[in-house]
Number of protein chains: 2
Amino acid sequence: MLSPKKQKFVDYIKDFTNQNHRPPTFIEIMKGLNFKSLGTVNWYIVELEKDGIIERVKGFNGKRALSILESHIANQLPLLGVVSAGSPIDVFDTIEYVDAPEVYCKPNNFMLKVAGDSMIDDGILDGDYIVAKKIQVAEPGDTVIASIDGEATLKRFYVGSNGIELHPRNDNYSIIHIDEQDELIIQGKLVAVIREY
Amino acid sequence: MLSPKKQKFVDYIKDFTNQNHRPPTFIEIMKGLNFKSLGTVNWYIVELEKDGIIERVKGFNGKRALSILESHIANQLPLLGVVSAGSPIDVFDTIEYVDAPEVYCKPNNFMLKVAGDSMIDDGILDGDYIVAKKIQVAEPGDTVIASIDGEATLKRFYVGSNGIELHPRNDNYSIIHIDEQDELIIQGKLVAVIREY
DNA sequence: ATACTTACGAGTAACTTACGAGTAAATTAT
DNA sequence: ATAATTTACTCGTAAGTTACTCGTAAGTAT
């Protein structure tokens, strides 16, 4: 298990790589993480390589902006947990990174695994993976990950005459009406569905 | 992963070739990219050839045509066309490459766009993208891209008592029975579905 | 001759690596 | 309870390499 500081370090590299389509240089890491010395950056690199987390392409790189971990680290999104029909979101302790299409690999995106069949009429099946984007406000018609009083679920977001409604897309489930006292938090909005056969 | 400068170089060659229907000469590259020396251009060519990105073919006038090898393209797959319910596969003239998760980016994989709703009960919707793998023989239960007498379609593959059957997954469509004289070619097998919202 | 590609030598800035030393917190020893 | 030791990180700088650049000259096919 990585220390929080080391975790932050590798997260920075991943985010940078996804955004810029290349790994950062030592100097970029130094500035991005507010270190004052390249020695610190180098210390992390050496440590993480010892830990087997990252890998340098060649033994020695001289000038090489591309030394750290190459494609292994790019085009991946964190798989945060499982979101299911009505039960709470199951958040993974150790966040795993899984491959995703490059276009979706943005800093505020994450992935979840779907459990249950409440969205079956929208073609979202049990076991599918979804890419979601963190948002605060949803538009009517959006498919959102919403948590009500701490329980997260995947539903369609609508505004009815009596306030916010969360619609499943399966006739066996019923519409959830949000009361004043319910605490509704929009966690994210559906960006893509990926199903593996 | 290519360095940014090398990437820019191959992008230039690609763009030039697309626009002028021929690859650029060294001098054209030099001017186009504001290099002051042919040596620089040559250095890139040699490097990129070493990296397996481009290839030189003999032309006329001591000319060598440069061609970009598409195969190396990172984390992308060719989008070959549209496959629909019953009508023939619509093959694109110019093959476009689209982002795909790295795990699916294998030499024999390709992508298609789905038209129609014949597989709706399997959660494959109109407009979805599918990743398929070229195969010759299908297993019962596989979802396949099959062409019958030249017309390709996305269906489930089964073997019934009267021979091969292609099942749609929508009650409004009926099962296709393959006769002896029908020419059935399995083009590929469904690997993944990607839907963008 | 013309139009282009290849080859070679050398330079430079960008970048990585090595090394020595320091600090604050946690762990162990006394 | 206090002192000694380790652990996990941080800093600064100098030295080492390479990615990329240039200029020029020689080669090759029409």
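Note on naming: letters A, B, ... go to the chains in the order of the sequence lines (proteins, then strands), and numbering restarts at 1 for each one. Nothing here was measured: the structure is a model prediction, and the numbers come from that model. Computation of the quantities below employed the complete heavy-atom set of this structure, encompassing side-chain atoms and omitting hydrogens, waters and symmetry-equivalent molecules.
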Quiz item: Nearest to the side chain of Asn42(B) - dC9(D), dA7(C), dC4(C)?
Solution: dA7(C)
Quiz item: Counting side-chain heavy atoms from CB outward, which of dA7(C), dT17(C), dC4(C) is closest to Phe26(A)?
Solution: dT17(C)
Quiz item: Between Asp11(A) and Gln7(A), does any side-chain donor sit less than 3.5 Å from a side-chain acceptor?
Solution: yes
Interatomic distance, [X] [atom1] vs [N] [atom2] [rounded to whole Å]:
X        : N       : atom1 : atom2 : value
Lys6(B)  : dT21(D) : NZ    : C1'   : 14 Å
Ile27(B) : dT2(C)  : CD1   : C1'   : 11 Å
Ile54(A) : dT17(C) : CD1   : C1'   : 14 Å
Met30(A) : dT17(C) : CE    : C1'   : 15 Å
Phe9(A)  : dA8(D)  : CZ    : P     : 17 Å
Gln7(B)  : dA19(D) : CD    : C1'   : 16 Å
Asp51(A) : dT7(D)  : CG    : P     : 14 Å
Ile29(B) : dT6(C)  : CD1   : C1'   : 14 Å

Exercise. Report the distance from atom CD1 of Ile135(A) to atom CG of Leu190(A), rounding to the nearest 0.5 Å.
Key: 10.0 Å
Quiz prompt | Interatomic distance, Lys155(A) atom NZ to Asp142(A) atom CG [nearest 0.5 angstrom] | solution = 15.5 Å
Quiz item: Can you name the ring-ring contact (aromatic ring centres under 6.0 Å, His included) partners of Phe9(A), sequence neighbours left out?
Solution: Tyr44(A)
Quiz prompt | Results of ring-ring contact (aromatic ring centres under 6.0 Å, His included) for Tyr104(A) - residues two or more places apart only | solution = none
So, does [X] get its side chain near the phosphate of [N], meaning an N or O under 4.0 Å from OP1 or OP2?
X        : N       : value
Ser3(B)  : dC20(D) : yes
Tyr44(A) : dA8(D)  : no
Lys5(B)  : dT21(D) : yes

Quiz prompt | Residues in side chain to side chain donor-acceptor pair (under 3.5 Å) contact with Arg169(B), at least two apart in sequence or another chain | solution = Asp122(B)
Exercise. Determine, using the 4.5 Å side-chain heavy-atom cutoff (strictly less than), whether Ile194(A) and Leu125(A) are members of one ILVMFWY cluster.
Key: no
Practice problem: Would you work out how much the helix from dA1(C)-dT30(D) to dT30(C)-dA1(D) bends between its ends, with each end axis defined by five base pairs, to 10 degrees? | Solution: 40°
Output side-chain donor-acceptor pairs under 3.5 Å for residues 161-168 of chain A, partner residues at least two apart or in another chain, one line each.
unit_1    : atom_1 : unit_2    : atom_2 : d
Glu165(A) : OE1    : His167(A) : NE2    : 2.8

Hey, what are the protein-to-nucleotides 22-24 of chain D N/O distances that come in under 3.5 Å?
unit_1  : atom_1 : unit_2   : atom_2 : d
dC22(D) : OP1    : Lys36(B) : N      : 3.4
dC22(D) : OP2    : Lys36(B) : N      : 3.0
dC22(D) : OP2    : Thr40(B) : OG1    : 3.2
dG23(D) : OP2    : Lys36(B) : O      : 3.2
dG23(D) : N7     : Ser37(B) : OG     : 2.5

Quiz prompt | Min side-chain heavy-atom separation Val114(B)-Val193(B) under 4.5 Å | solution = no
